[in-house]
Student: 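Sharing a structure below in structure tokens format, with a few things to ask.
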Amino acid sequence: MRLPSSIFVSVSLFTAETTAALYLSSTYRSAGDQIWQGLTLLFTLVPSVLVQLTLTFIHRDLSRDRPLVLLLHILQLGPIVRCLEAFCIYGSVGRVEEPYVSITRKKQMPHGGQSEEVERQVGQAEGKLFTHRAAFARTSVIQAFLGSAPQLTLQLYICVLQQGVSIGRGTLMVISLLSIVYGALRCNILAIKIKYDDYEVDIRPMAYLCIFLWRSFEIATRVVVLVLFSSVLQLWVLPVVLLNFLIFFLYPWILFWLSHSPFPENIEKTLTRVGTTIVLCMLTFLYAGINMFCWSAVQVKLSDPDLINKSQNCYRMAVYYMLRFVENASLLLLWYIYKTDFYKMICAPLLVLQLLVAYAIAIFFMLIFYQFCHPCRRLFSSSMTQGLWNCSSLLCLMLNSPPTQNRPIRKDTPEPTSPASCTEPDNDRAPDTTDDTTCNMLDDTMYDIPNEMSNNIGGGMNGDINHSVSCNA
């Protein structure tokens with residue numbers, strides 16, 4: 001059984017960021033900066049409360065007689081208690097004979113076109129550890145994008161205004177950036193486990209490194225662009241942020257309304273319709289917060305029983321990164337036009353170029369991960385790089401094609417065409433298995449748990465790439 005190191009990392013980042021934020025808020029209070037103190041505390045306490053509620057919801061503590069645990073969650077000490085409980089479970093494995101074990105079957109990665117099934121016994125203690133890992137994976141995402149991301153943006157904005165970085169503020173910024181990147185990394189790993197739940201997935205250190213570099217460049221560049229833009233156009237940053245947020249928040253609800261699907265009732269049996277609505281709103285709120293800073297590992301689909309979109313493909317990811325690159329370039333251009341003498345000490349064109357190159361490097365590491373470091377790349381039916389290239393070519397073709405009404409009309413008599421001149425192959429469809437960025441935020445078990453030990457296991461995502469119809473002249 002693996003050591004629950006991911007739980008320890010999650011709790012360590014949560015505790016360190018909370019401690020650093022509380023210390024920094026005390027320094028703001030001493031300096032008389034009540035606005036910065038209030039915002040720092042806001043971006044610390046709100047995600048902390050959400051983390052406590054998530055742990056309570058996943059472990060179903062409200063329906064169990066555990067008043068001490070609930071009290072510790074109210075005191076914001078829930079993650080520490082859960083971490084200690086997980087390590088106690090890990091330490092007790094093998095000492096006591098368990099009365100019940102289950103058998104799980106996993107396929108190995110195919111070698112030479114063949115895949116073998118491997119059976120493994122899973123005890124109750126290991127199942128409890130899976131639940132703890134799943135809970136902390138979800139709380140890491142909540143802490144990252146509803147707390148650490150706005151906290152990092154705020155502190156960097158204060159640094160720009162005050163033209164300096166204190167030790168406390170710099171420490172909090174570093175911890176916040178690590179928390180965001182770790183949350184995005186956990187989301188990617190969960191997506192892989194959901195997608196390939198039938199296989200025994202072995203994620204190697206090089207894959208972790210590629211995801212870490214990909215998310216680090218992407219998130220850091222996005223935060224710097226937003227801070228630079230807000231430093232010169234304070235009145236316009238709020239419409240830009242609200243427009244981005246509302247688009248991603250309302251997008252799942254609009255699709256749900258257009259699908260005419262019934263209201264989802266299978267989230268939790270004890271929840272009323274009002275409670276279910278609140279949970280769905282929080283899920284879409286988190287979805288919008290992730291998309292504000294990076295490509296979301298959660299593609300919400302409210303009409304699906306599992307609340308995730310199972311038909312995504314690399315084309316949607318390509319469109320997102322193209323539009324985000326254009327948006328970042330536009331915001332940097334506006335900053336360059338309206339910058340004041342405050343930035344006379346830096347080379348503005350070089351800074352713009354560095355930020356655009358950094359975002360391109362993030363995309364490069366993403367392609368490296370899917371092309372060479374993905375643990376299940378042997379199961380891919382098509383290349384991620386080829387899919388992105390095809391999407392780019394299609395968009396360029398659409399932008400460069402002239403309008404139909406401006407094209408000259410030929411009056412020549414068309415030649416008869418033989419029936420066999422154009423063919424539409426029926427078998428030219430291949431499932432896309434390259435988009436592994438979906439994870440179900442509401443499941444209460446890890447996706448490595450066998451079916452005998454979990455009731456709600458999030459489904460994977462099956463996307464299809466529609467190849468173009470070949471036409472032979």
Student: Hey, would you say the Trp335 and Phe229 ring centroids sit under 6.0 Å apart?
Tutor: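 For Trp335 and Phe229, the ring centres are not under 6.0 Å apart.
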Student: Distance-only, no hydrogens or angles: does the Thr18 side chain make a donor-acceptor pair with backbone N or O of Thr15 under 3.5 Å?
Tutor: no
Student: Going by the salt bridge (Lys or Arg N to Asp or Glu O under 4.0 Å) test, which pairs reach into residues 8-18, not counting sequence neighbours?
Tutor: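 As it turns out, there is no salt bridge (Lys or Arg N to Asp or Glu O under 4.0 Å) pair with a partner in residues 8-18 once direct neighbours are skipped.
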Student: Counting only heavy atoms not in Leu258, do more than 12 sit closer than 6.0 Å to its CG atom?
Tutor: yes
Student: Tell me, yes or no, whether the heavy-atom count around Trp253 atom CH2, taken from other residues, nucleotides or ligands under 6.0 Å, exceeds 12.
Tutor: yes
Student: Report the relative orientation of the aromatic rings in Phe285 and Phe245; use parallel for angles under 30°, tilted for 30 to 60°, perpendicular for over 60°.
Tutor: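 Ring orientation of Phe285 relative to Phe245: perpendicular.
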Student: Who passes ring pair (Phe, Tyr, Trp, His ring centres under 6.0 Å) against Tyr251, sequence neighbours left out?
Tutor: none
Student: Specify whether His132 and His59 have parallel, tilted or perpendicular ring planes, treating 30° as the upper limit for parallel and 60° as the lower limit for perpendicular.
Tutor: tilted
Student: May I ask you to check whether Thr54 and Thr139 show a side-chain donor-acceptor distance below 3.5 Å?
Tutor: no
Student: Taking the side chain as everything from C-beta on, heavy atoms only, tell me whether Val357 gets closer than 4.5 Å to Phe217.
Tutor: no
Student: Rounded at 0.5 Å granularity, tell me how far CG in Leu353 sits from CG in Leu332.
Tutor: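 Spacing of CG (Leu353) from CG (Leu332) equals 10.5 Å.
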Student: Between Arg215 and Met366, is there a side-chain heavy-atom distance shorter than 4.5 Å?
Tutor: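 Sidechains of Arg215 and Met366: no contact.
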Student: Would a 4.5 Å heavy-atom cut-off, applied to side chains only, mark Leu283 and Val279 as touching?
Tutor: no
Student: Go through it in stages, so that I can follow the logic: the residues are Gln155 and Thr40, the test is side chain to side chain contact (heavy atoms under 4.5 Å, CB included), and I'd like the CA-CA distance, side-chain angles, deciding distance and then a yes or no.
Tutor: CA-CA 8 Å; Gln155 301 306 325; Thr40 303; 3.2 Å; yes
Student: Does atom OH of Tyr338 have more than 12 heavy-atom neighbours from other groups under 6.0 Å away?
Tutor: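 No - once you tally the heavy atoms of other residues, nucleotides and ligands closer than 6.0 Å, there are 12 at most.
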Student: Could you check whether the rings of Phe325 and Tyr359 sit parallel, tilted or perpendicular, using 30° and 60° as the cut-offs?
Tutor: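 Tilted, since the angle between the ring planes falls between 30° and 60°.
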Student: Is any side-chain heavy atom of Tyr336 closer than 4.5 Å to a side-chain heavy atom of Pro349?
Tutor: yes
Student: Quick one: do the Ser10 and Gln143 side chains pair a donor with an acceptor below 3.5 Å?
Tutor: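 No, because no side-chain N or O of Ser10 sits under 3.5 Å from a partner of the opposite role on Gln143.
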Student: Is it true that the side chains of Thr44 and Gln151 contain a donor and an acceptor less than 3.5 Å apart?
Tutor: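 Yes, Gln151 and Thr44 have a side-chain donor paired with an acceptor closer than 3.5 Å.
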Student: When you measure from the centre of the six-membered ring of Phe130, is the NZ or CZ of Lys128 under 6.0 Å away and within 45° of the axis?
Tutor: no
Student: Can you find a heavy atom in the side chain of Arg222 that is under 4.5 Å from one in the side chain of Glu327?
Tutor: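 Yes, their side chains come closer than 4.5 Å.
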Student: Looking only at atom types and distance, does a side-chain atom of Tyr321 sit under 3.5 Å from a main-chain N or O of Ala360, one as donor and one as acceptor?
Tutor: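 Side chain of Tyr321 to backbone of Ala360: no pair is present.
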Student: Just checking, is any N or O donor in the side chain of Ser148 or Ser179 under 3.5 Å from an acceptor N or O on the other one?
Tutor: yes
Student: Can you list the steps and then say if Phe248 with Tyr287 is a side chain to side chain contact (heavy atoms under 4.5 Å, CB included)?
Tutor: CA-CA 7 Å; Phe248 290 106; Tyr287 172 75; 4.3 Å; yes
Student: How about Leu228 and Leu355: do any of their side-chain heavy atoms sit closer than 4.5 Å?
Tutor: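 The answer is yes; the side chains approach within 4.5 Å.
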Student: Output all residues satisfying side-chain contact (heavy atoms from CB on, under 4.5 Å) with Leu242, sequence neighbours left out; order by chain, then residue number.
Tutor: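 For Leu242, the residues satisfying side-chain contact (heavy atoms from CB on, under 4.5 Å) (neighbours in sequence not counted) are Leu238.
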Student: Just so I know, are the side chains of Gln76 and Val51 near enough to count as touching, which here means a heavy-atom distance under 4.5 Å?
Tutor: no
Student: Find out whether Tyr343 and Leu351 are in side-chain contact, i.e. whether some heavy atom of one side chain is under 4.5 Å from a heavy atom of the other.
Tutor: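 Side chain of Tyr343 against side chain of Leu351, heavy atoms only: no contact under 4.5 Å found.
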Student: If we count only N and O atoms by modelled type, under 3.5 Å, do the side chains of Arg324 and Asn291 hold a donor and an acceptor together?
Tutor: no
